[in-house]
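No experiment lies behind these values; they were computed from the predicted model shown.
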Amino acid sequence: MICSKGSRYLAPLLSRCSRNQQFVCPYSQQRNYHHHGESKNRGSPSILLKAAVPVLVAGAFFSQKDDRVEGLKKQIGMCTMHLHQAEPELAKPHFEAAMVIVKDDLERDKHAPIPSREIVFLMDQLGNIALQLECYAEAVRLYTGTINGLALNGMERSNRTITELFLKVGQIYAIMGDYKMAELSFIHCVQVATAELAKAAEGAKNPDVIALAGLSYEGLGKVYLSMGHPENALNMYIHAIAFAEKVLGPTDAQIPVLMNDLATVHEHLQQYDKALELVNQAIERAKTSNVTALPAIMCNRATIQMYSGNLEEARILYDELMQSCRKCGDHVTMLEIRNNLSILEDLRRKKEEAL
């Protein structure tokens, strides 16, 4: 089996937005984004893919007789062991063997027997392993098979477990660059989460559902930027920040990351004053709540200045940040600064030629 691979990236997990945005597997340590054709440092780890964890619990299933269960458990156990030992190449043969076991369940027609609940639970686990191996197409098949298996076993598609699986599927489609399918998955999550919130009284709203809605809005925001629709992304990020502040609190580390993303949306819309206002607010919040994200957000501030036409101010900000990054050994941000300084010089030359 050939796993479909995503890009390796130059900065931490799902942190930034750009005009030609890419997504990354939650288990990848690095990624890069491209803005006007260049790499652009935009922020710090996002909560978007924190949802990519097992959403099913073994206790939710009754043990049923299935000759394949033990074999599937064995292969999943071997995969897990090798992944914990940082041996993905040794895990892959066991993953492939497990995929053979569930092949009929993934390709079933309406006349095929309904997969047992234990098999469905194990398919979800196998989907998480596929993500760790960056086998994205296989992860989509496994999570979709899990959704169908749960539905066939009587679970409503509006159930939160299924909604969380749709969230995973949307995130993976985004990684693969299939933004239309990602959009449809995220919209489903938004509709289910907001419908559940609408039924609850204000004081009785489930924080898990609020968080799910926030993650879905954030995912839609990133997808719409990737699709070249920043005007749609704007409202998505506004909702995501509102939900995050409600669930996580206004001082949570994720808030400056989302504000930084929203600043980038305004930059896409060429609303530079608003973008700078937001990124400066993000910097102030990050100083007390998320110092890890601070260099990337500060780099984004310089980049916004650069694209707004303030080349000298951008140069000063890049130089100051470069000195700071040298002292702490932040080579990722230093690489972004060098790339952006090269772009800045190209913009300067074009500006001089136009005079």
Side-chain angles (χ1 to χ4, degrees), residues 7-12 15-24 30-44 177 221-222 224-234 237 256-284 286-287 293-355:
S7 302
R8 300 295 292 176
Y9 295 91
L10 294 176
S15 54
R16 300 175 295 281
C17 307
S18 65
R19 282 180 170 75
N20 299 306
Q21 184 177 16
Q22 292 175 306
F23 288 72
V24 66
Q30 297 181 319
R31 65 183 185 152
N32 92 53
Y33 285 101
H34 299 283
H35 181 92
H36 297 306
E38 82 283 359
S39 179
K40 184 172 185 181
N41 201 351
R42 286 297 198 182
S44 64
K222 293 181 183 298
Y224 284 139
L225 273 180
S226 300
M227 296 171 74
H229 301 308
E231 64 284 351
N232 293 342
L234 184 65
Y237 273 110
V257 175
L258 289 170
M259 292 178 68
N260 186 51
D261 285 350
L262 182 57
T264 304
V265 175
H266 283 287
E267 181 206 320
H268 282 255
L269 294 168
Q270 299 183 354
Q271 297 170 352
Y272 298 114
D273 289 342
K274 184 63 176 178
L276 288 169
E277 177 187 344
L278 280 165
V279 79
N280 284 326
Q281 291 176 11
I283 288 171
E284 291 305 310
K287 286 178 181 178
L294 193 55
I297 298 175
M298 293 177 72
C299 188
N300 193 30
R301 177 177 62 178
T303 304
I304 292 171
Q305 288 280 16
M306 178 174 69
Y307 284 111
S308 70
N310 296 324
L311 302 184
E312 292 304 322
E313 178 65 19
R315 179 72 193 220
I316 292 170
L317 292 172
Y318 280 135
D319 288 344
E320 290 175 350
L321 184 58
M322 179 68 86
Q323 293 179 16
S324 174
C325 289
R326 283 198 184 103
K327 291 179 181 178
C328 65
D330 185 349
H331 299 290
V332 170
T333 304
M334 288 169 63
L335 177 61
E336 291 291 336
I337 293 171
R338 291 191 188 100
N339 290 339
N340 290 343
L341 283 173
S342 176
I343 297 159
L344 188 148
E345 290 306 314
D346 288 340
L347 292 173
R348 187 196 306 279
R349 281 194 297 270
K350 290 178 182 178
K351 186 175 181 179
E352 290 174 351
E353 291 170 359
L355 295 177

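- Interatomic distance, CG of Leu317 versus CG of Asn310, reported as 9.5 Å (0.5 Å rounding).
- Using a 4.5 Å cut-off on side-chain heavy atoms (C-beta onward), Tyr237 and Met259 make no contact.
- Closest of all the heavy-atom pairs between Leu321 and Pro295 is CD2-O, 3.5 Å.
- The side-chain heavy atoms of Asp261 and Lys222, taken from C-beta on, include a pair separated by under 4.5 Å.
- If you take NE2 on His268 and CD1 on Ile304, they are separated by 9.5 Å, rounding to the nearest 0.5 Å.
- Between the CD1 atom of Ile337 and the SG atom of Cys325 there is a distance of 4.5 Å, given to the nearest 0.5 Å.
- Not a single donor-acceptor pair under 3.5 Å links the side chain of Tyr224 to the backbone N or O of Glu231.
- Taking each heavy atom of Tyr307 and Tyr272 in turn, the nearest pair found is O-OH, 3.3 Å.
- Contact between Ala233 and Gly221 at its shortest, heavy atoms only, is CB-O, 3.4 Å.
- Side-chain contact check for Leu347 versus Lys351: every heavy-atom pair is 4.5 Å or farther apart.
- With hydrogens and angles ignored, the 3.5 Å screen pairs a side-chain donor or acceptor of Ser308 with a backbone N or O of Gln305.
- Here the CD atom belonging to Glu284 is positioned 9.0 Å from the CG atom belonging to Leu294, to the nearest 0.5 angstrom.
- Residues Leu234 and His266 have side chains in contact (heavy-atom distance under 4.5 Å, counting atoms from C-beta outward).
- To the nearest 0.5 Å, atom CD of residue Gln271 and atom CD of residue Glu277 are 11.5 Å apart.
- Annotation for Met306 and Asn340: closest pair SD-O, 3.6 Å, computed over non-hydrogen atoms.
- Taking 4.5 Å as the limit, some side-chain heavy atom of Leu278 sits within range of a side-chain heavy atom of Gln281.
- Two residues are said to be in side-chain contact when any heavy atoms from C-beta on lie closer than 4.5 Å; Arg301 and Glu313 fail this criterion.
- Among Thr303, Ile297, Thr264, Leu262, the single residue meeting the side-chain contact (heavy atoms from CB on, under 4.5 Å) criterion with Val279 is Ile297.
- Atom CG of Leu335 sits about 10.5 Å away from atom CG of Asp330, to the nearest 0.5 Å.
- At a threshold of 4.5 Å between non-hydrogen side-chain atoms, the residues Glu345 and Arg315 count as touching.
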